[in-house]
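Structure first, then comments.
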Amino acid sequence: MSEKQTLPTTLAGFTVLPIVYSPTSTHVLYARRHETSKNSRSKTQSTLPSGRTVFLVNIPPFATEREMVLFFKPFGVVERVVFDWEGVDAREAEPDSSDEEVEEMEEELEQPQPRKKRKLVKEEKKTAPVVVPLPTRPLRTLRKSGGSAHVVFLDASSVDRALAQPIKPRPWPAVPEEPSGLAHYRAQYDALRPPLDVVRQHADTYMDLFDYELAKGRQKSTYKKGEAIVDEDGFTLVTRGGAYGQTVGGGVGVASKKFQETGETSKRKRKKKEAKEKETFYAFQKHEKNRKGLMDLQKKWEEDKAKVEKLKASKRFKPY
Amino acid sequence: MSNTLKRKRRAQDAPAPGKRRLVSEPDTGHGTDDQASAENADGMHIDHEGESDANLDDTDEEGEDNRPDDAPQGTRGTKPKKPPTGQLLRDIREATDLFKSSTFKLQIDALLPTVRPKPSRIPPLDLFLHSLYSFLTSLSPIAPQHPLVASRKLLHDSGVAVPFPLPSPTEGTNWTVAFEAPTDVALIGSWPTKCIVKRTDGLPYIVDVAVEMPAALFQEKDYLNGRFFHKRAYYLACIASAIANPKNGLDVDVSYASTAFDPRLTTVIIQSRKDGSPTDFSKLNACIRIIPTLPQLSPLPLHRLSPSHSNVRVSKSSDESSSSTHPPSPLYNTAILLACTPKSHLLALHSVKNLVPAFADALTLLRVWANQRGYGEGSKLCVFGFEGRGSWWGGLLEMLVTGEEHESGMLKSTKRKPLGKGLSSYQLFRAALDFLARHDFEKDSIFTKTTAGHNHPPGEYKANHEAVFVDSSSYVNLLAGVPLSSLDLLKYDALVTLNLLNSGLPSIDPYDEVFLKDHRTVHTRFDAVIRAELSDVKPRKPSLHSSYDHGSWGRAIIASLTSSLRHGLGNRTKAIGVLLPTSELRPPSEAQPNNPSTIYIGLVYDTEHAFRLVDHGPSADDPDATKSQQFREFWGDKAELRRFKDGSIVESVVWEVKSTDERARIPFMVTQHILERQFGIPKGAIKTWQAPFDAVLRLPQSISTLYQDSGIPSGFKSATAAFDGLVRSIKSLEGEIPLSVLNVSPVSDYLRYTSVFSPVAVPTSLFATLPDSARHLPMIEIVLEFEKSGRWPDDLKAIQKIKLAFFERIATALMKSENGTKATVVVGNCVDTPEIQDQARLEIVTPDGWAFSARIWHDREATLLDRIIDEKSHISKRAPQPFDDGKSKERTEALLAREIYTRRFIHGPKHHRVVAALCHKYSAFAGTVRLVKRWLACHWLLRGHISEEVVEILCASVFLQDRKASVDHPSVPGSKERGFSKVVQFLADWEWEQGLFVPLYSAADGSLDNADERQPKVAASASTAWTVTTEEDPGGRMWTTLGPDIVVAHRVRAIAKATWGTLQTMETGHLDVRELFIHPSDDYDVIVQLDQGALPQYFQNITADPEAWARTSKYANIPNSNSGESVEAQPGFDPGQLFHDDLKRIYSDTFKLFWDPCGGDRYGLVWDPSLRNSRPFRALGGFSSTPVPKGEKGKEKSWVILNEQSVLSEIKQLGGGIIKDVIVQH
């Protein structure tokens, strides 16, 4: 058991924030000032302002935003909590189109850089029909153990207070409105089964919005040749998909689909050629063929023999 | 004789080593190797092998070394290999033509030496035999005495009892017994002919020594009333006492052995002591058996010993029929004749062995095959009737080689013609199997061709023996005393093996199955195993004569029991195996062998007839009154005159059954009745294991009565009916929903007979009265398919929303049309799932209380998902895709959604259909699956690690093992217990690394022959270990992607092995079936004990404690108010399962979680062992860590270790109200 007095105050640049679960067990939260690398700063600045954000590792799996807010209350007012980079990239986008690539985090935490934010600007939103949401209850989202989160404070000084050492172990605040355990599962069971009229409204309004957007999209679209695909190294990929057998984005012509899939051009010619050659025309060919047959026979025999030898070594032949 | 034979053998072998040396001399490196093997292998078999070895190696080497002795070829250089030599080619050709395949031949070649005595250990035995010979021939005679006087004197002087068989001599006997040195001592049997085969379970080789009793000791009348046997017994006792005498210098242990408990066939067994003397042959693991024989010119008249003669004429009052004539005593006569035959058998064996080169090998194969199936001796249970029948196997092959005797006046064609002499050992072996599989022993007798015709008229054999097989020496029926039921079993085993050899599939290597595997285990061999204690046996009609004929009372009982059972069970069984332990040695002070006190009866069902409710007897208006009298006599009070629907009035026996479980027990009930009626064996002395297996699949009594009292429908049939009703009502909604329903496919194991518990409907009214730990309403899953329509949106997310709309419509319409139906739309899963994934369900609870869960299958989803997955389809698949794989979240989601889609909508319904078809085809299949599922669930593996579908496929593989077999083939289990045992055996032996192909779909179609073999060649990966392919799933991962992983796969194997071991205790009668289903939880690091009251499925627990729900259900009429919550039926609600899934997801990298989905009240946790060592800190470690205390072993500061305590606290926090306790074990 790692007792409080033996806990170091920092670890690999992280401040250790102990949380007391029970007299015998202490959970350890690791906190650090959130830093962004230069090239990604502009993108995440709005979501995770570097000055007032604390990066946390190993948050409790059952932690909710409210509990986080309560826990960090002594250091200052928390503006926002972001779990596992959720919605970091596309916060501005609408919920229905927010599923664009979330950066898969590797070890290089120093650059938690959300990549390639899709620029979806939909000013027309205002006129779009509003989706009636399905009713939600304050349900805990249980996250994977050892997850991370960003806590954005209202002002920068809170960050310093939060990271000041040493920090006294404190219990985790429990919010009664957000049940856990059996009550959680009961609530969840009920929440998944909303009244039928709500379901209908939700589905109907969603479809209205969908139709609306579809119509909008149709209006906007005119036939394009498509954009050329440029890979990370700046090379333009020569691919099918453009008009008139040309590459996407125009330019050079592309090989047929069949060639791409099989790597072969038309089969017909080659077949004819092969048929011309007789395999047993010359006597030596016959000999070779016979000889090969015999050799194969011998090879197989020897393989079998080796196999049996191997089995013999493992005493597989003693029936009893 | 043996010596001359051996010399001959050496002479034959001599050239071989010489030749070899000549060839391999040039190459020294190889020569040493070869010599080493030659040194090891002094004997003939290994010599032979060495020879072919050398041949091969020669060519091999010549190729590699470019043959230094052959210059022209050496210079060529371009040809690395030389074509095979003629000899080698011949060998190869021979192996493939005369044997099954070259591998098979090589395997047989490797097998043979292991079951034969090691030549290097024989010399001490030869030395001993020499001294034994001189010792026996120089024994001093003993003057004639009254038998009882003589035996008393012998017992007093040397402590050796005389094994007088029945009827024992009395004081009034007027003949005498005497001893004189034997006129001849000779080796007989299989030892001198080198046909001896190792016996199972490490029993020693038996070297038979025939001791010829001088003719002067016997009188012509000695064939009567056992006098011959008494004289023989005294002679044997004299030899035993002489050998046992410590002063004689032989220094051996002497004991008596009675073959197959027959005191008439008592012999003396000599075992060497381990004293290291030159004559100590204990290393050979052999013993010498001394058999007293009669001289070639028998002093007894042989014609008096034909099967129809009566030679036991006991003056008895009990046998009323004996007043006029004595019944024949065929077995008694055979036992006397056996004393005359050893030499002629030896000669016959020797001549046929010289005639047919492969005879010895074929005999060895046949006997290994038979031994593995219990037709012989062993420490396990063996088939009754085959002990000491060594000569029969040789006689069988001899008959095949020489053919049958032509009967005068019969058409030639009906008799077997001789097979060629040049057959290979494998061909001969197969011929023997073929004979065994096809021959009808009940009808046809076999008379091997002789040179001079047979001694006794053939008809006499037929009339007095059950099965007849007379060999060329024509004295004895080699099958005298072998019951027909044992021959049925033999026939069936031969059939199974033949099928296997004929299967012709290249990937199946039948060798292991045929020769290496022990097939004696009763629980995989028989559909029902019944153990009967014989201590209280009281036959209805005790017959003294039959005791005399069989040699002992016990043998007579078993023989009559066997035939009664065969008669009584009739076509219910394909074979009945009566199993006995092999007779044991006893010290010479014990005169009589101990009769077996328990027997095992194994039944192989004929599933078509086994569970018939009525046995018909003779018709009431049958003119032959004795028939119905016999029928009544046999069945006792069970027999009654009944009038049937077709108007016939027939004597019949009706078996009353209340449930399907009981119906499956009918064959046992028949057996029990016969044993009780005919043999007075009380019910308590008869035991079987069917009922406890049934109990495992049943709910506890208190709950099932609750169900029964309320009269709710339950069972698979009513579930199917409820499903059909639902389909009808959904289809009738035609106008109310925008698209009409095309198809409703069931995908639930409740609708395919394979769920652990039979489905049950729980109406809301009942639900309220159920105790907390039994408020479970099983959910039956179905899939709806709508007619094709272009109105579906072309967008995945929108499709999911449209599904919601559909469900809402159906729900409203259903509730309107059917009063009492409750339908709810479930908008998602408990876990957040991507929006493109199918997640919505419709829950329907019918007025009866059946709960269904419907999903909508829309085939456009697949295309749309594929489009996302294959987004870059315009890029050639051959081109490397550097920036595509695994990076895009959308693609990952689509891949997952596609997988779920394929499993749920494509494979789910297909799998359901095929499994349901198999359940109809094989009556025991569903029960097997249910038992196996229960077993895996009880061991905390089902669902969490092993999907139910893969269990069904694995069980099917056991039924489809013999792929060409028809439905009622004997290798197909006929009872669920046997199916279960076979699956356990399979799981214990399965090398899952190699995958498994199950011809599931072609089996259901009945087009097995066309199914081509597609053996998977997929290696196990870290996350999934099992690869189980079917025709529809060539990848083999459809049902195993979510597990088991390698750790769990190993665990399955270990548990299967342990279960297999426990199942073996059936053979000692101590098996407790429940024990197989009780999970040892000591291995888990942490046990999480759940609150039983919070688990609605707890009542299904194998060790469910009725107390858990007794408290709350005191007042059955008052609805249970559980903290004021509604008592609305919550179909499928199981916090135990939900919490399990959550824990599994949250801590997937921290520990492995195990639990029993069928009412488990404990979780087992195993920490990831690597996390328990400290490791450097990583921000996204994926587990809850704590810093390693400073200064410990000078480790770096930034090392962390798993924070076990905190994880456990979190679990407690997460499972508030569910968890009762967390117990840390390691």
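All chains are named by letter (A, B, ...) in the order of the sequence lines, taking the proteins before the strands, and each is independently numbered beginning at 1. Side chains included, hydrogens not; waters and symmetry mates left out as well; all remaining heavy atoms used.
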Only distances under 3.5 Å count here; give the side-chain donor-acceptor pairs of residues 196-203 of chain A to other protein atoms, sequence neighbours excluded, each with its distance to 0.1 Å.
unit_1   : atom_1 : unit_2   : atom_2 : d
A:Arg200 : NH1    : B:Glu808 : OE2    : 3.3
A:His202 : ND1    : A:Val132 : O      : 2.7
A:His202 : NE2    : B:Lys801 : NZ     : 2.9

Point to revise | Heavy-atom proximity to chain A below 4.5 Å, by part of B:Lys517 | key: neither
Point to revise | Partners passing side chain to side chain contact (heavy atoms under 4.5 Å, CB included) against B:Arg199 (at least two apart in sequence or in another chain) | key: B:Leu203, B:Pro204, B:Ile206, B:Glu377
Check your understanding: In terms of heavy-atom proximity below 4.5 Å to chain A, should B:Ile92 be classed as side chain, backbone, both, or neither?
Key -> both
Revision key, fill the gap. Of the listed B:Ile1219, B:Thr1150, B:Ile802, the one with the largest count of heavy-atom pairs under 4.5 Å with chain A is B:Ile802
**Study point:** Shortest non-hydrogen contact from A:Pro61 toward B:Ile1146
**Key:** CB-CG2, 3.5 Å
**Study point:** Region of A:Lys300 that comes under 4.5 Å of a non-hydrogen atom in chain B
**Key:** side chain
Point to revise | Heavy-atom side-chain contact between A:His27 and B:Ser1209 under 4.5 Å | key: no
Exercise for review: Would you confirm whether B:Asn1203, through its side chain, and A:Thr26, through its main-chain N or O, come within 3.5 Å as a donor-acceptor pair?
Suggested key: yes
Point to revise | Pick from B:Val826, B:Thr824, B:Leu89 with the largest number of heavy-atom pairs that fall under 4.5 Å of chain A | key: B:Val826
Review point. What do the steps show when you test B:Lys797 against A:Tyr206 for side-chain contact (heavy atoms from CB on, under 4.5 Å), and what is the final call?
Key: CA-CA 10 Å; B:Lys797 282 173 222 159; A:Tyr206 182 90; 3.6 Å; yes
Review point. Can A:Tyr21 and B:Gln1213 be counted as having a side-chain donor-acceptor contact under 3.5 angstrom?
Key: no
Practice item. Evaluate side-chain contact (heavy atoms from CB on, under 4.5 Å) for A:Leu182 paired with B:Phe1139, printing each intermediate quantity in order. Key: CA-CA 9 Å; A:Leu182 190 56; B:Phe1139 184 39; over 6 Å; no
Exercise for review: Answer with side chain, backbone, both or neither: which region of B:Ala823 has an atom nearer than 4.5 Å to a non-hydrogen atom of chain A?
Suggested key: backbone
Check your understanding: For B:Leu1208 and A:Ser25, what are the C-alpha separation, side-chain angles and deciding distance, and is it a side-chain contact (heavy atoms from CB on, under 4.5 Å)?
Key -> CA-CA 9 Å; B:Leu1208 295 182; A:Ser25 67; over 6 Å; no
Check your understanding: Which pair of heavy atoms, one from A:Trp301 and one from B:Leu88, lies closest together, and at what distance?
Key -> NE1-CD1, 3.5 Å
Practice item. Over all heavy atoms of both residues, which pair between A:Pro60 and B:Glu1210 is shortest? Give the atoms and the distance, please. Key: CA-OE2, 4.1 Å
Exercise for review: Select, from B:Pro793, B:Gly202, B:Ala840, B:Ala1094, the one with the greatest count of heavy-atom pairs under 4.5 Å involving chain A.
Suggested key: B:Pro793
Revision key, fill the gap. Of B:Ile836, B:Asp1149, B:Asp518, the largest count of non-hydrogen pairs under 4.5 angstrom with chain A goes to B:Asp1149
Check your understanding: Sub-3.5 Å donor-acceptor pair from the side chain of B:Arg1145 to the main-chain atoms of A:Arg143, do we have one?
Key -> no
**Study point:** Modelled atom types, side-chain donor and acceptor of A:Tyr185 and B:Asp1142, under 3.5 Å
**Key:** yes
Check your understanding: Once the angle between the rings of A:Phe14 and B:Phe1177 is folded into 0 to 90°, is it parallel (under 30°), tilted (30 to 60°) or perpendicular (over 60°)?
Key -> perpendicular
Review point. How long is the gap from OG on A:Ser145 to CZ on B:Phe1183, to the nearest 0.5 Å?
Key: 9.0 Å
Exercise for review: Below 4.5 Å from any heavy atom of chain A, which atoms of B:Val197 appear? Answer side chain, backbone, both or neither.
Suggested key: side chain
Review point. Which atom names give the shortest non-hydrogen contact between B:Pro1187 and A:Val16, and what distance separates them?
Key: CG-CG2, 4.4 Å
